[in-house]
Amino acid sequence: MTSLSSDVAAAPRTLMRFDRVERSVHWLNATLFLLLLATGLTLRGFPGTQWVGRRELVKNIHVWSGLLLPLPLLAALCMRRAGRRLRDDLSRLGRWTLDDRRWWNRRRRGGVALGKFNPGQKLNAAFVGASLIVMPVTGWMLRFPDPFSNSMRRGATAMHDWFAYGLLFTITGHILFALSDNEALRGMVRGTVSERWARRERPRWHAEMLLEASAAEDDEHENRSGTASARR
Amino acid sequence: MADKPLKDLAPEWAQPSTPVTRRVFLGLSALGVAGIAVGGAVADWVNRSPIGRAASSAGVADLIPLGEAFRYYTVTDGFPSRSTAKYQLRVHGLVDHELKLSYADLASRTPTHLTKDFQCVTGWRVTGVHWTGVKLSDLLDEAGVQSKGKALRFTSFDGVYTESLTLDQARRPDVIVAYQMEGKTVSTEHGGPVRLYVAPMYGYKSCKWLDGIEVVDAVEPGYWENEGYDVDAWIGHSNGRDDKPV
């Protein structure tokens, strides 16, 4: 028991940043988003995409990817145990602490203890979340325009366009930020980050993880002594 | 930076906080839904503004949703391409003399100039597009339509796109076989080197990559009509739309 815990302390410690469910949802979303982006730009006639042709096929891929995209997220959120961390992420993303405000307002960011996400990530999530509502609604109107008036169709087209360009902008930023920080990227690829990264970049989350770990250890202790006393 | 000891850091959920992001999320969602009602008018306003005009004339309207832009549709793999040198238009079917016209043959005939809005059935419109071409009625007179001839069937060298018009529709003065757009040979994306331009109807009637005009005895619905669009595609009076006629 003692030898085991010293082994753990000696090895460079890692913390679980995104569990399997969070990562699966993320990568399914990413794949479907890229499909939507590629087919969407083609349908919009973005220069260089005209040669693709096959409008009906491209349209069907776009519509089906769009219908599928929200499903992994919704399914994961509904899973009672497996969706726990994902639901926890959502409630973290929704609110700003005083530290978040300070980080956002001030150039000098030392001494600010961020939680699991920084305010930029939170705002990105707000925009992506709004897009998850606006894009399916307007997309539905473009696919089945019959019940809608001309001006509503034009409004839906404009909103679908503008939110798509907003997404193109924020997701490009998201990818660039991820590529500029290997450790953060690893958090979404393999699920873990080093303790050093966590302490430096997300001190408050790091502290939470330590608390959680010690709580789990206590639980384990209680369980062990519980079984031991039961044996006795 | 890491001057605070870790044990002093309370969990994020135990911190005083305000739902900033949640409000942004709700605000943006509301904006998007409200935009369905007013977005068309806003887009019009932006397109007519100096910024929109600049975007259109600089050609960036293709890249960003600013200004008016054509959207290109092709129904086959890629865009069919044919040089002006190799181009040939056949006028055949129920005619007295079959015509085989090169690009130069068309360009040497009396030109008709039309500057009109281009209106797509999906909603986009590009104002004041300048077309140059030959009146379809001139070509029909030249070929001599037989009395059995009642309608036209247009074919495209993409091998798939077809269109139709009645003879009465085809004889309107604003229906031309266009070989120039904005003073230049019609580009491949726009259906060049030669396309039909039926000004009073939605864009899909203006058959792109035109290579055949066949006089037939009855209207045969074309490609887009088989996809569910109206055969008589008058702008503002068909396809359940109320656009301003051009």
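Each chain gets a letter, A, B and so on, in the order its sequence line appears, and its residues count up from 1.
Looking only at heavy-atom pairs under 4.5 Å with chain A, the residue among B:Val38, B:Asp243, B:Thr18 that has the most is B:Thr18. Ranked by non-hydrogen atom pairs under 4.5 Å with chain B, the options A:Gly166, A:Ala156, A:Ala130 are led by A:Ala130.
Heavy-atom contacts from other residues, nucleotides or ligands closer than 6.0 Å to OH of B:Tyr229 number 12 or fewer. Around the CZ atom of A:Phe177, the shell of radius 6.0 Å holds no more than 12 heavy atoms that belong to other residues, nucleotides or ligands. Other residues, nucleotides and ligands contribute only 12 or fewer heavy atoms inside 6.0 Å of the CH2 atom of A:Trp140. Atom CZ of A:Arg87 sits in a crowded spot, with more than 12 heavy atoms from other residues, nucleotides or ligands closer than 6.0 Å.
At a 4.5 Å heavy-atom cutoff, B:Leu26 makes no contact with chain A through either its backbone or its side chain. For A:Asp88, no part sits under 4.5 Å from any heavy atom of chain B, backbone or side chain. Both the backbone and the side chain of A:Met152 have a heavy atom closer than 4.5 Å to some heavy atom of chain B. Neither the backbone nor the side chain of A:Met135 comes within less than 4.5 Å of any heavy atom of chain B.
Contact record, B:Leu28 with A:Phe163: O-CZ, 3.7 Å, taken as the closest heavy-atom pair. Of all the heavy atoms in A:Leu123 and B:Thr21, the pair that sits closest is N-CG2, 3.7 Å. Closest heavy-atom contact between B:Pro11 and A:Leu211: CG-CD1, 4.2 Å. In plain terms, the two heavy atoms of A:Ile133 and B:Ser29 that are nearest each other are CD1-OG, 4.1 Å.
Using a 4.5 Å heavy-atom threshold, the side chains of A:Arg101 and B:Val20 count as touching.
Of the possible donor and acceptor atoms, none in the side chain of B:Arg22 sits under 3.5 Å from a partner among the backbone N and O of A:Arg95. A donor-acceptor contact shorter than 3.5 Å is absent between the side chain of B:Ser17 and the backbone of A:Thr97.
Considering A:Arg202, A:Arg92, A:Lys116, A:Arg204 as possible partners of B:Glu12, the one that fulfils the salt bridge (Lys or Arg N to Asp or Glu O under 4.0 Å) test is A:Arg92.
Distance check: B:Glu227 CD to A:Glu56 CD gives 4.5 Å after rounding to the nearest 0.5 Å. Atom CD in A:Glu208 sits 9.0 Å away from atom CG in B:Leu9 (nearest 0.5 Å).
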